[in-house]
Amino acid sequence: DTEVQAALLPLLGHQRQPRDFDLLQLRALEPAPRQQRCAALEGLGLGLSVWPLGALRSTLIQLAMDLDPGLAAAAVDGLARLPDARSGLLAVRSRALEPAVRERLERRLRSVPCRPLLLLVHGRAQGEIPAEILSLAAELQQRRAAPVLLRALTDPQPADLPTLEHPLGLVPLLLLPGEHVRHDLPRLRHELRPSSGLKVLPFLGSWPVWQRALAAELSRQVSDQPWPPSSPALLLHHPIASPLGHRYLRVLAAITGATPQEAAYGSDRIEASLLAHQGAVLPLALAANRLTEALTPRFGEAAAPLLSRPALRQVLLEQLEALP
């Protein structure tokens, strides 16, 4: 009986028994009377803290796109109550939604606190920050509606950080575990320690989603070539001496299927062997630097820095936007 089930399903949420999640999930998603589906969603909301987080988030995202506006709105409210609520809400934002549900979603996003970010970049001489990174930071600040600050490791006199209302998130946009990650980053973290609640993220090159994006970018480059490559794809990187750096490059090679090759980071010239290379290349440089400028005459757009590649820029932007 539908009415009996609708009365009993919320009680499963009150009991908070993890084994009941599968039944509530099934009743909420299956094509059934609205009363029963709403009761199952109510049960999910009542036992929110004990259900498996990944499966619960996926269920609520699916329900947020439901044709029933009331059910979809309740699912949006559920997403807003989860840990790391921004990522779930943003996953729904790009989908087709009923106007009333979209309005509710935007209200929930505005109510989720968003910490200011400090993006740590390598920079060019005297702390110059390339245009690609300035553009990324400006768009990110608009999307997050929270301050996005920049600091270049090459800046000899970095400006003092402004006083901020919320704790700061430090995001090292560094691609390799070299000297900057192993030495400069801990020093900066110590310098900023008085900033209560400072949250330091791992360096960008270690993010699995970024590594997969690099592999996809190389795959696109290989498939765009008009002839089969006669040489393996290369990941071009600045010299790195530490055992940790070499282990990292082996892992990245396994993920991307490309061969890491050292290239002098500040060189105006490139080696003759590289000039003769007939396969894909991917310079591990977020923004234009002397390496990408030296490679461009030989490889053209294939030597573009990573943030000049739309797919990679979008991946990074979405990941940074979703940070708490």
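Just so it is clear, the values below take in all heavy atoms, side chains as well, and ignore hydrogens, waters and symmetry mates.
With a 4.5 Å cut-off on side-chain heavy atoms, Q261 and H237 do not count as touching. For the pair R104/D77, a side-chain contact is recorded, criterion being any heavy-atom separation below 4.5 Å from C-beta on. You'll find the side chain of L9 reaches within 4.5 Å of the side chain of Q36, heavy atoms only. In this structure, the side chains of R313 and L136 come closer than 4.5 Å at one or more pairs of heavy atoms. By the 4.5 Å heavy-atom criterion applied to side chains, L60 and V92 are not counted as neighbours. The closest side-chain heavy-atom distance from L24 to T59 is not below 4.5 Å.
In this structure, CG on L307 lies 11.0 Å from CG on L134, to the nearest 0.5 angstrom. How far CG of L204 is from CG of L120: 11.5 Å, rounded to the nearest 0.5 Å. Atom OG1 of residue T292 and atom CG of residue L286 lie 11.0 Å apart, to the nearest 0.5 angstrom. For the atom pair CD of E139 and CZ of R144, the computed distance is 13.5 Å after rounding to the nearest 0.5 Å. Interatomic distance, CD of E179 versus NE2 of H238, reported as 9.5 Å (0.5 Å rounding). The structure places CG of L249 at 7.5 Å from CG of L284, a figure rounded to the nearest 0.5 Å.
Formation of a donor-acceptor pair under 3.5 Å by the S219 side chain with backbone atoms of A215 is not found in this model. With hydrogens and angles disregarded, a donor-acceptor distance shorter than 3.5 Å links the side chain of T154 to the backbone of H122. Side-chain N or O atoms of E132 include one that pairs as donor or acceptor with a backbone N or O of A288 at under 3.5 Å. A side-chain donor-acceptor contact under 3.5 Å links Q211 to the backbone of G205. Between the side chain of W207 and the backbone N or O of P202, at least one donor-acceptor pair lies under 3.5 Å.
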For a quick test of your reading: what N or O donor-acceptor pairs under 3.5 Å do the side chains of residues 40-50 make, sequence neighbours left out?
none

Please table the atom pairs, donor to acceptor, closer than 3.5 Å between any side-chain atom in residues 317-324 and protein atoms at least two apart or in another chain.
residue, atom, partner, partner atom, Å
E318, OE2, Q314, NE2, 2.9
E321, OE1, R143, NH1, 2.8
E321, OE2, R93, NH1, 3.2

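The hydrophobic clustering, which links ILVMFWY residues whose side-chain heavy atoms are closer than 4.5 Å, places L23 and L63 together. There is no path of hydrophobic side-chain contacts, each under 4.5 Å, that joins L244 to I240. The cluster map of Ile, Leu, Val, Met, Phe, Trp and Tyr, joined by side-chain heavy atoms under 4.5 Å apart, puts I61 and V112 in the same cluster. Hydrophobic clustering places L53 together with L29 (ILVMFWY residues linked when any side-chain heavy atoms are closer than 4.5 Å, directly or through intermediates). Under the 4.5 Å side-chain heavy-atom criterion for grouping Ile, Leu, Val, Met, Phe, Trp and Tyr, L252 is connected to V209 within one hydrophobic cluster.
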Open item on the list: Please evaluate residues L198 and V200 with respect to the criterion side chain to side chain contact (heavy atoms under 4.5 Å, CB included), reporting the C-alpha separation (whole Å), side-chain torsions for both, the decisive distance (0.1 Å), and the verdict.
Closed with: CA-CA 6 Å; L198 175 70; V200 182; 3.9 Å; yes
- [ ] Mind running side chain to side chain contact (heavy atoms under 4.5 Å, CB included) on R151 and D155 for me, showing each step along the way?
- [x] CA-CA 8 Å; R151 177 172 290 194; D155 192 344; 5.7 Å; no
Open item on the list: Applying side chain to side chain contact (heavy atoms under 4.5 Å, CB included) to R108 and L79, what does each step give before you reach the verdict?
Closed with: CA-CA 9 Å; R108 292 290 174 260; L79 284 169; over 6 Å; no
Task: Criterion side chain to side chain contact (heavy atoms under 4.5 Å, CB included) on L188 and L153, from CA distance to verdict - done: CA-CA 10 Å; L188 181 59; L153 288 165; 5.6 Å; no
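The heavy-atom pair separating A304 from S308 by the smallest distance is CB-CB, 4.2 Å. Minimum heavy-atom separation, L174 to V121: CD2-C, 4.3 Å. The heavy-atom pair separating G127 from A152 by the smallest distance is O-CB, 3.7 Å. Of all heavy-atom pairs spanning V101 and A64, the tightest one is CG1-O, 3.9 Å. Residues A6 and A39 share a closest heavy-atom pair of O-CB, 3.2 Å. When all heavy atoms of L89 and L109 are compared, the closest pair comes out as CB-CD2, 3.7 Å.
Evaluation of the salt bridge (charged side-chain N to carboxylate O under 4.0 Å, His left out) rule for R250 yields no partner, not counting sequence neighbours. For D184, the side-chain hydrogen bond (donor to acceptor under 3.5 Å, both in side chains) partners two or more places apart in sequence, or in a different chain, are H180, R187. With sequence neighbours excluded, the residues that form a side chain to side chain contact (heavy atoms under 4.5 Å, CB included) with A258 are L218, A233, L235, T256.
For the side chain to side chain contact (heavy atoms under 4.5 Å, CB included) criterion with E217, the lone passing option out of V222, L306, L312 is L312.
Residue pairs satisfying the salt bridge (Lys or Arg N to Asp or Glu O under 4.0 Å) criterion with at least one member in residues 45-58, sequence neighbours excluded, are absent.
Looking at D68 and R37, no side-chain N of the basic residue comes within less than 4.0 Å of a carboxylate O on the acidic one, giving no salt bridge. Between E293 and R290 there is no salt bridge, since no side-chain nitrogen of the basic residue lies less than 4.0 Å from a carboxylate oxygen of the acidic one.
When the shell of 6.0 Å around CD of Q142 is examined, it contains 12 or fewer heavy atoms from other residues, nucleotides or ligands.
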